[in-house]
Amino acid sequence: MSDTIKAWHEMQEEKLASLKADEAIAKVISDQGGEYYVPHKGAEAKEIVHADESVKYIFLLDFCDGKVYRYDISVLCTDENKWNPDHESCEAFLYGAGHSLKDCEWMVTNNNKIEYGN
């Protein structure tokens with residue numbers, strides 16, 4: 001085998017080992033409750049958000065303008081659209097709405113109102 005082919009095979013083996021390590025880390029974290037995934041090598045594990053029938057809204061706190069936004073996603077989560085608001089698709093939705101995700105906090109909920117503390 002040429003050096004190039006050997007290097008390619010070694011790279012594939014390293015990639016496979018890395019994926020297995022990431023899956024093992026995600027399994028350890030998920031054993032603590034919830035489901036998680038590692039989007040890429042060296043990334044922080046992220047929780048997998050599963051939609052249920054009650055998920056209808058995304059609330060977003062945008063630190064850039066100091067406003068709270070409520071997005072009604074109930075029309076997107078139908079059998080016809082088959083949209084499951086998992087973590088990545090919610091972030092894609094919010095990015096498409098013009099938010100800078102590094103400057104925001106968001107959550108998915110079935111409540112349409114904000115409850116004020118105290």
Side-chain angles (χ1 to χ4, degrees):
M1 254 193 273
S2 71
D3 290 340
T4 305
I5 294 173
K6 285 181 185 178
W8 183 84
H9 282 287
E10 289 173 359
M11 184 175 66
Q12 295 302 316
E13 289 174 5
E14 288 175 10
K15 185 177 179 182
L16 181 61
S18 175
L19 287 172
K20 286 182 180 180
D22 289 345
E23 288 172 359
I25 291 169
K27 181 173 179 359
V28 168
I29 293 172
S30 68
D31 288 345
Q32 298 172 6
E35 292 182 66
Y36 296 82
Y37 72 99
V38 180
H40 55 81
K41 184 178 180 180
E44 188 174 312
K46 295 187 176 187
E47 185 173 5
I48 297 173
V49 179
H50 289 284
D52 59 23
E53 295 172 5
S54 64
V55 172
K56 297 191 179 3
Y57 302 96
I58 297 177
F59 277 90
L60 176 126
L61 172 60
D62 193 326
F63 298 119
C64 290
D65 61 11
K67 293 182 180 178
V68 176
Y69 296 86
R70 181 188 74 191
Y71 294 100
D72 184 348
I73 59 170
S74 59
V75 295
L76 300 173
C77 301
T78 62
D79 289 335
E80 183 180 317
N81 292 331
K82 302 202 184 300
W83 189 62
N84 178 19
D86 62 3
H87 191 86
E88 287 182 355
S89 61
C90 287
E91 285 188 347
F93 174 83
L94 295 170
Y95 179 78
H99 297 286
S100 174
L101 296 176
K102 65 181 179 68
D103 298 322
C104 298
E105 291 291 330
W106 61 272
M107 69 176 196
V108 179
T109 182
N110 63 338
N111 297 319
N112 67 346
K113 296 181 183 170
I114 296 175
E115 293 187 26
Y116 299 96
N118 299 358

inquiry  = If you apply the rule side-chain contact (heavy atoms from CB on, under 4.5 Å), what do you find for Tyr57 with Val108, and how did you get there?
reply    = CA-CA 6 Å; Tyr57 302 96; Val108 179; over 6 Å; no
ask   = Step by step, would you call Ile58 with Cys90 a side-chain contact (heavy atoms from CB on, under 4.5 Å)?
value = CA-CA 8 Å; Ile58 297 177; Cys90 287; 4.0 Å; yes
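Ring pair Phe63/His99: centre-to-centre distance not below 6.0 Å. In this structure, the ring of Tyr71 has its center less than 6.0 angstrom from the ring center of Phe93.
In this structure, CE on Met107 lies 10.5 Å from CG on Leu60, to the nearest 0.5 angstrom. Distance check, rounded to the nearest 0.5 Å: CG of Asp62 to CD of Glu105 gives 11.0 Å. Note: Asn112 CG to Arg70 CZ = 5.5 Å, rounded to the nearest 0.5 Å. In this structure, the separation between OG on Ser89 and CD1 on Ile73 is 8.0 Å, given to the nearest 0.5 Å.
Asn111 places no side-chain N or O within donor-acceptor distance of the main-chain N or O of Lys113, the cut-off being under 3.5 Å.
In this structure, the side chains of Glu91 and Trp106 come closer than 4.5 Å at one or more pairs of heavy atoms.
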